[in-house]
Amino acid sequence: MKIACVQMDIAFGEPEQNYRQVVDYLTEAANNGAETIVLPEMWNTGYALTELEALADSTNRTVELLKGFAKEHAVNIVGGSVSTKKADGFYNTMFVVSKTGELVSEYDKAHRFGLMDEHIHLEEGDSLGLFELDNIAFGGVICYDIRFPEWIRAQALNGAKLIFVSAEWPEARIDHWRILLQARAIENQCFIVAVNRIGSDPNNEFGGSTMAIAPWGEVRLDMKKEEGIGYVEIDLAEVEEVRKRIPVFDDRREKLYEKFKKQIDTLQ
């Protein structure tokens with residue numbers, strides 16, 4: 001599987017500019033033979049959270065764009081995430097479309113990041129973010145979600161062999177980003193493909209370091225602060241090979257974990 005990772009700067013509060021830029025990147029990646037294209041977090045507006053009433057996608061514009069492009073170019077798209085307006089509020093939403101133009105996943109970010117005021121402006125999602133592309137199970141999460149290992153483990157336990165991460169992760173904590181991604185790959189014995197943005201907005205400098213990490217922990221792609229598209233070839237057969245070498249999933253003790261979870265709940 002040839003995956004294209006789009007590490008782009010995002011124009012703060014300028015959806016029209018961002019949509020044009022994304023189409024350009026999608027076109028370049030498709031023309032270079034990508035089978036799956038991955039975008040960063042909140043690429044339509046950036047973190048212009050106080051302006052979501054005017055800027056967030058409330059018309060399915062993003063879905064129709066991704067579906068049309070995917071079908072025309074026969075490419076899967078993990079659409080990063082965009083700010084969306086739904087009946088009960090604003091969300092940070094990842095759309096995934098297949099090469100046939102079908103919407104296969106709509107995942108709202110499960111964990112809101114208080115340091116960037118998400119808890120004030122955005123609602124939290126409650127779906128697991130699992131989907132299938134080409135009859136293979138994948139997972140998708142957004143930025144802060146990777147700090148919750150139980151959430152990533154839930155996707156792996158439900159069959160995900162590769163987990164996509166889209167982010168706007170600040171430069172100030174980029175070491176955490178890199179370490180957490182490698183840890184999530186190693187502990188779940190799966191691929192992690194994580195796309196971060198670069199550039200800045202009025203409040204943050206972003207760290208790039210878009211990465212692809214193999215189940216054994218090797219870094220197969222590291223874009224550092226290079227703007228543009230990074231490509232990586234992935235063989236999902238590696239997942240089963242690694243899981244046979246160290247059978248972590250077979251050795252889990254679910255009943256034991258539940259026992260102590262109940263004790264903790266009692267203490268609280």
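Counting heavy atoms from C-beta outward, Lys255 and Glu258 have side chains that stay 4.5 Å or more apart. Residues Glu124 and Glu118 form no side-chain contact, since every pair of their non-hydrogen atoms from C-beta on lies 4.5 Å or further apart. In this structure the side chain of Ile198 never reaches within 4.5 angstrom of the side chain of Met223, judged on heavy atoms. Between His176 and Arg147 there is a side-chain heavy-atom pair separated by less than 4.5 Å. Two residues are said to be in side-chain contact when any heavy atoms from C-beta on lie closer than 4.5 Å; Leu52 and Leu122 meet this criterion. The closest side-chain heavy-atom distance from Tyr47 to Asn203 is not below 4.5 Å. Contact of the Phe131 side chain with the Phe164 side chain is registered, since non-hydrogen atoms from C-beta on lie closer than 4.5 Å. The shortest side-chain heavy-atom distance between Phe69 and Val22 does not fall under the 4.5 Å cut-off.
Only one option out of Arg153, Arg243, Gln155, Lys161 pairs with Asn188 in a side-chain hydrogen bond (donor to acceptor under 3.5 Å, both in side chains); it is Arg153. Each of Asp108, Asn92, Asn44, Thr93 was compared with Ser81 under the side-chain hydrogen bond (donor to acceptor under 3.5 Å, both in side chains) criterion, and only Asn92 meets it.
Distance alone, capped at 3.5 Å, is enough to place a donor-acceptor pair between the Asp57 side chain and the Thr59 backbone. Of the possible polar contacts, none joining the Tyr25 side chain to the Gln21 backbone as a donor-acceptor pair under 3.5 Å is found. When atom types are taken as modelled, the side chain of Arg184 and the backbone of Ile152 share no donor-acceptor pair closer than 3.5 angstrom. Trp177 places a side-chain N or O within donor-acceptor distance of the main-chain N or O of Ser209, the cut-off being under 3.5 Å. Judged purely by atom type and a 3.5 angstrom limit, Ser166 uses its side chain to pair as donor or acceptor with the backbone of Leu39.
In terms of heavy atoms, Ala167 sits closest to Pro40 at O-CB, 3.9 Å. The shortest non-hydrogen separation linking Val195 to Cys5 is CG2-CB, 3.6 Å. What you find for Thr36 and Val75 is that their closest heavy atoms are N-CG2, 4.0 Å. Minimum heavy-atom separation, Gly207 to Glu171: CA-OE1, 3.1 Å. Here the closest heavy-atom approach between residue Ala154 and residue Asn158 is recorded as O-ND2, 2.8 Å. In plain terms, the two heavy atoms of Cys190 and Val239 that are nearest each other are CA-CG2, 4.3 Å.
Taken to the nearest 0.5 Å, the CG atom of Leu162 stands 9.5 Å off from the CD1 atom of Ile136. In this structure, the separation between CZ on Arg220 and CD1 on Ile234 is 7.5 Å, given to the nearest 0.5 Å. We find the CG-CD1 distance between Leu103 and Ile77 to be 11.5 Å, quoted to the nearest 0.5 Å. One finds the CG atom of Leu128 at 8.0 Å from the OH atom of Tyr107 (value rounded to the nearest 0.5 Å). Taking CG of Leu65 as the start and CZ of Phe95 as the end, the distance is 11.5 Å to the nearest 0.5 Å. Here CD of Glu51 is found 8.5 Å from CD of Glu14. Values are rounded to the nearest 0.5 Å.
Using a 4.5 Å cut-off between side-chain heavy atoms of Ile, Leu, Val, Met, Phe, Trp and Tyr, Ile120 forms no hydrophobic cluster with any other residue.
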Exercise for the section: Go through the steps to decide whether Val141 and Ile146 satisfy the test side-chain contact (heavy atoms from CB on, under 4.5 Å), and finish with yes or no. Expected result: CA-CA 7 Å; Val141 297; Ile146 68 169; 4.1 Å; yes

Practice task
Apply the test side-chain contact (heavy atoms from CB on, under 4.5 Å) to residues Glu41 and Trp169: give CA-CA distance (whole Å), side-chain angles for both, the deciding distance (0.1 Å), then the verdict.
Solution key: CA-CA 9 Å; Glu41 180 185 15; Trp169 197 281; over 6 Å; no

Handout entry: Derivation and outcome, side-chain contact (heavy atoms from CB on, under 4.5 Å), residues Met42 and Leu49
Key = CA-CA 10 Å; Met42 295 278 278; Leu49 298 184; 3.6 Å; yes

Exercise for the section: Dump the intermediate steps for side-chain contact (heavy atoms from CB on, under 4.5 Å) on Arg178 and Asp222, then the final yes or no. Expected result: CA-CA 10 Å; Arg178 301 174 70 89; Asp222 185 350; 2.3 Å; yes

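A donor atom on one side chain and an acceptor atom on the other are not found under 3.5 Å apart for Asn76 and Ser98.
With salt bridges taken as basic N to acidic carboxylate O contacts below 4.0 Å, one links Lys86 and Glu106.
Judged as a salt bridge (Lys or Arg N to Asp or Glu O under 4.0 Å), and not counting sequence neighbours, the contacts of Asp9 are Arg197. Residues passing the side-chain contact (heavy atoms from CB on, under 4.5 Å) test with Glu226: none are found, sequence neighbours excluded. Every residue meeting the side-chain hydrogen bond (donor to acceptor under 3.5 Å, both in side chains) condition with Asp88, not counting sequence neighbours, appears here in chain and number order: Tyr91. Taking the salt bridge (Lys or Arg N to Asp or Glu O under 4.0 Å) definition, one finds that Glu254 meets it with Arg252, sequence neighbours left out. Under the side-chain contact (heavy atoms from CB on, under 4.5 Å) criterion, Ser58 pairs with Lys85, not counting sequence neighbours. For His111, the side-chain contact (heavy atoms from CB on, under 4.5 Å) partners two or more places apart in sequence, or in a different chain, are Tyr144, Asp145, Phe148, Trp151. Checked against salt bridge (Lys or Arg N to Asp or Glu O under 4.0 Å), Glu16 has the following partners two or more places apart in sequence or in another chain: Arg61. Partners of Asn32 under the side-chain contact (heavy atoms from CB on, under 4.5 Å) rule, at least two apart in sequence or in another chain, are Glu28, Tyr231. For Glu35, there are no salt bridge (Lys or Arg N to Asp or Glu O under 4.0 Å) partners two or more places apart in sequence or in a different chain.
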Give every donor-acceptor pair under 3.5 Å between a side-chain atom in residues 210-219 and any protein atom, sequence neighbours left out.
from, atom 1, to, atom 2, distance (Å)
Thr210, OG1, Gln7, OE1, 2.7
Thr210, OG1, Asn196, N, 3.0
Thr210, OG1, Asn196, O, 3.2

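By the rule that hydrophobic residues join a cluster once side-chain heavy atoms approach within less than 4.5 Å of another member, Met1 and Leu26 end up as members of separate clusters. Both Val193 and Met94 sit in one connected hydrophobic cluster of ILVMFWY residues. Membership requires side-chain heavy atoms under 4.5 Å apart, directly or through other members. In this structure, Ile10 is not a member of the same hydrophobic cluster as Phe206, with clusters built from ILVMFWY side-chain heavy atoms closer than 4.5 Å. With hydrophobic clusters built from ILVMFWY side chains whose heavy atoms lie under 4.5 angstrom apart, Ile37 does not share a cluster with Val96. Residue Leu236 is not grouped with residue Val242 when hydrophobic side chains (ILVMFWY) are merged at heavy-atom distances under 4.5 angstrom, including chains of intermediate members.
For the salt bridge (charged side-chain N to carboxylate O under 4.0 Å, His left out) condition, the pairs that include at least one residue of residues 126-138, sequence neighbours left out, are Lys99-Asp134.
Residue Lys2 places its NZ atom among more than 12 non-hydrogen atoms of other residues, nucleotides or ligands, all under 6.0 Å distant.
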